[in-house]
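Here is the structure we will look at, set down as structure tokens.
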Amino acid sequence: MSAPLPRVRFAPSPTGYLHIGGARTALFNWLYARRARAEGKGTFVLRIEDTDRERSTEASVQAIFEGMKWMGLDWDEGPLVGGPHEPYFQTQRLATYEKHAERLIAAKKAYRCDCKKADLDVLREQAQKEKRGFKYPGICREKNLPKGTPGAIIRFRMPDEGETTFDDLVKGPITTSHKEMQDEVIVRADGVPLYNFGAVVDDLEMGITMVARGDDHVVNTPRQILMYQALDYPVPVFAHLPMILGADKQRLSKRHGAVSVLQYRDDGYLPGALVNYLARLGWSHGDQEIFSLAELIEKFDWKAVGATAGVFNPDKLLWLNQQWIKATPLPELAKLVRPYLVTRSALIGPTRTFDYASLTDARIVEVLPQALERSKTLIEMADLLLMFLCSGVAFDEASAKKHLTADAKPLLVAARDLFEQKMADGPHALEAAFRDLATAQSLGLGKIAQPVRVAVTGSTVSPPLFDTIVLLGKAEAMKRLDAAIARIG
RNA sequence: GGCCCCAUCGUCUAGCGGCCUAGGACGGAAGCCUCUCACGCUUCAAACAUGGGUUCGAAUCCCGUUGGGGUCACCA
């Protein structure tokens with residue numbers, strides 16, 4: 001047996017958006033495939049498991065594509081890109097499942113069953129009442145019901161004795177007794193397969209060599225292994241990723257805030273930061289916290305994936321996002337922040353105007369350095385940038401009330417002169433002039449700087465004052481100062 | 001409840017029998033820097049769930065207990 005070329009897959013069911021947990025599963029698979037590719041050949045397959053026709057939606061399919069694309073998780077085979085195992089939607093592969101199901105029936109490893117679901121539900125409830133485990137009693141095992149039997153489903157015949165063991169890549173050896181398994185339904189009456197069968201058939205048809213998925217599938221694994229064996233195909237390697245929990249240690253859900261990957265995009269996170277965070281949730285490489293995508297691909301290793309469930313920590317993601325912002329080249333950041341400039345500019349208020357049409361990337365790059373260390377998200381960054389990019393000020397009332405007073409008016413007038421004389425000489429010259437002014441008035445620099453800051457930026461909190469003023473340019477800075485002076489009256 | 005999995009600071013984790021008076025990161029506290037904010041820097045508080053073994057030696061290996069999670073569908 002030669003080692004097969006690594007082929008992995010991500011197989012979401014389109015019953016909702018791409019959430020954090022699914023995204024991490026996709027990421028780990030993708031990372032593994034990309035590293036394998038660097039060493040020769042590795043393939044990442046995307047397959048849509050839409051066999052739950054009740055809950056699957058086209059909108060979810062699109063949301064999954066969009067989420068993966070945003071994160072940069074491109075697939076080598078699957079919807080949109082095609083591949084040698086098309087189609088990649090399970091509901092379009094019914095003939096394939098039928099083929100394999102018939103093989104199982106012919107080999108007496110599966111059988112048709114026309115038991116009514118309602119009847120079985122009654123038995124199940126009864127068993128539950130008596131606190132017994134319930135297993136399908138095998139009523140139709142020997143009936144040999146023919147194809148075409150009305151309402152018949154297909155059940156897989158589980159062995160009565162023995163046990164199945166597999167060596168999970170992250171959890172180690174796991175053994176399950178066959179007594180725990182029942183003859184489960186693998187194909188519905190309408191020919192649509194159920195999860196355990198559809199996934200197995202597709203994974204073997206598509207030559208998947210490693211199945212990496214969520215923790216909640218460990219109990220399914222032995223049953224699936226039995227199916228691989230019944231179908232006479234080699235069993236892939238399995239890796240089960242621990243769950244991602246919310247702060248209350250419960251499974252992550254909408255209650256815990258944003259769980260859709262696209263929500264993080266909308267909230268101003270860089271895809272690289274989310275990827276970085278997700279990679280470190282459950283996997284580690286010594287003490288390193290920040291990884292570029294290239295480093296992740298190079299260093300990712302299943303051996304370093306932990307077996308413990310992890311709590312999603314929004315604070316750490318936020319910190320990481322800022323680290324990524326600071327590490328992103330300015331021109332790239334300018335392009336990234338643009339869309340947020342558009343959405344946030346709707347909120348600038350009546351006292352400011354924003355001319356997006358004439359906004360150049362060069363201008364964004366020029367003011368960007370001031371925002372780097374003050375923005376944890378692209379939203380915060382856009383808001384801060386708008387202070388530079390808009391014409392006019394929006395005063396923070398508390399700040400204005402405190403600093404734009406009659407006492408401050410002479411200082412603002414004096415500041416106006418300094419603007420006139422020194423601005424062209426740069427922030428340092430301007431600062432020196434203000435320091436001289438403060439000394440002459442026997443005041444601390446802060447006493448003058450704060451009113452001027454409020455006048456120019458609208459708030460007591462801003463980037464360094466003199467840099468800000470110079471960046472604004474003489475015309476705009478004067479305009480704002482005059483507005484503040486006028487406001488005092 | 002049956003079966004399965006898991007167990008180091010509040011959180012993510014390093015640790016794979018001696019290097020551990022248990023390291024890093026987020027968050028928290030204090031301080032420094034300073035025109036405000038932020039960044040940065042320094043320092044501090046903070047963990048091996050518990051009881052037995054094995055061993056010269058255990059956070060590391062084994063068993064029990066406790067706790068947490070998963071799963072018991074014609075969902076995936």
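Atoms considered below: every heavy atom in the structure, side chains included; atoms not considered: hydrogens, waters and symmetry mates. Below, chains carry the letters A, B, ... as their sequence lines are ordered, and counting in each starts from 1.
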Sequence neighbours left out, what passes side chain to side chain contact (heavy atoms under 4.5 Å, CB included) with Glu102(A)? Give chain and number order. Glu98(A), Ile105(A), Arg112(A), Lys147(A)
What's the gap between U42(B) and U65(B) when it is taken at their C1' atoms, as a whole Å value? 44 Å
If G2(B) has a Watson-Crick or G-U wobble mate with both distances under 3.5 Å, name it; if not, just say none. U71(B)
Is the phosphate of U11(B) approached by Lys249(A) (side-chain N or O, under 4.0 Å from OP1 or OP2)? yes
OP1 or OP2 of C75(B) versus the side-chain N and O atoms of Thr51(A): is any pair under 4.0 Å? no
Of the nucleotides C12(B), A76(B), U36(B), which has the atom closest to the Lys316(A) side chain? C12(B)
Who pairs with Glu298(A) by side chain to side chain contact (heavy atoms under 4.5 Å, CB included), at least two apart in sequence or on another chain? none
Taking the C1' atom in each of U13(B) and C33(B), what is the distance between them to the nearest angstrom? 31 Å
Under 3.5 Å, is there any donor-acceptor pair linking the side chain of Asp287(A) to the base of G23(B)? yes
OP1 or OP2 of C74(B) sitting under 4.0 Å from any side-chain N/O of Arg112(A)? no
Closest to side chain of Trp319(A), choosing from U36(B), C26(B), C74(B): C26(B)
Write down the partner of C35(B) under the Watson-Crick or G-U wobble criteria, each distance required to be under 3.5 Å. none
At less than 4.0 Å, is any side-chain N or O atom of Arg124(A) found next to OP1 or OP2 of C74(B)? Yes or no. yes
Of all the nucleotides listed (C4(B), C74(B), C37(B)), which has the minimum atom distance to the side chain of Ile174(A)? C4(B)
Phosphate oxygens OP1/OP2 of C75(B): is one of them under 4.0 Å from a side-chain N or O of Arg188(A)? yes
What's the closest nucleotide to the side chain of Lys117(A) if the choices are C74(B), G10(B), C35(B)? C74(B)
Is any side-chain nitrogen or oxygen of Gln250(A) closer than 4.0 Å to OP1 or OP2 of G69(B)? yes
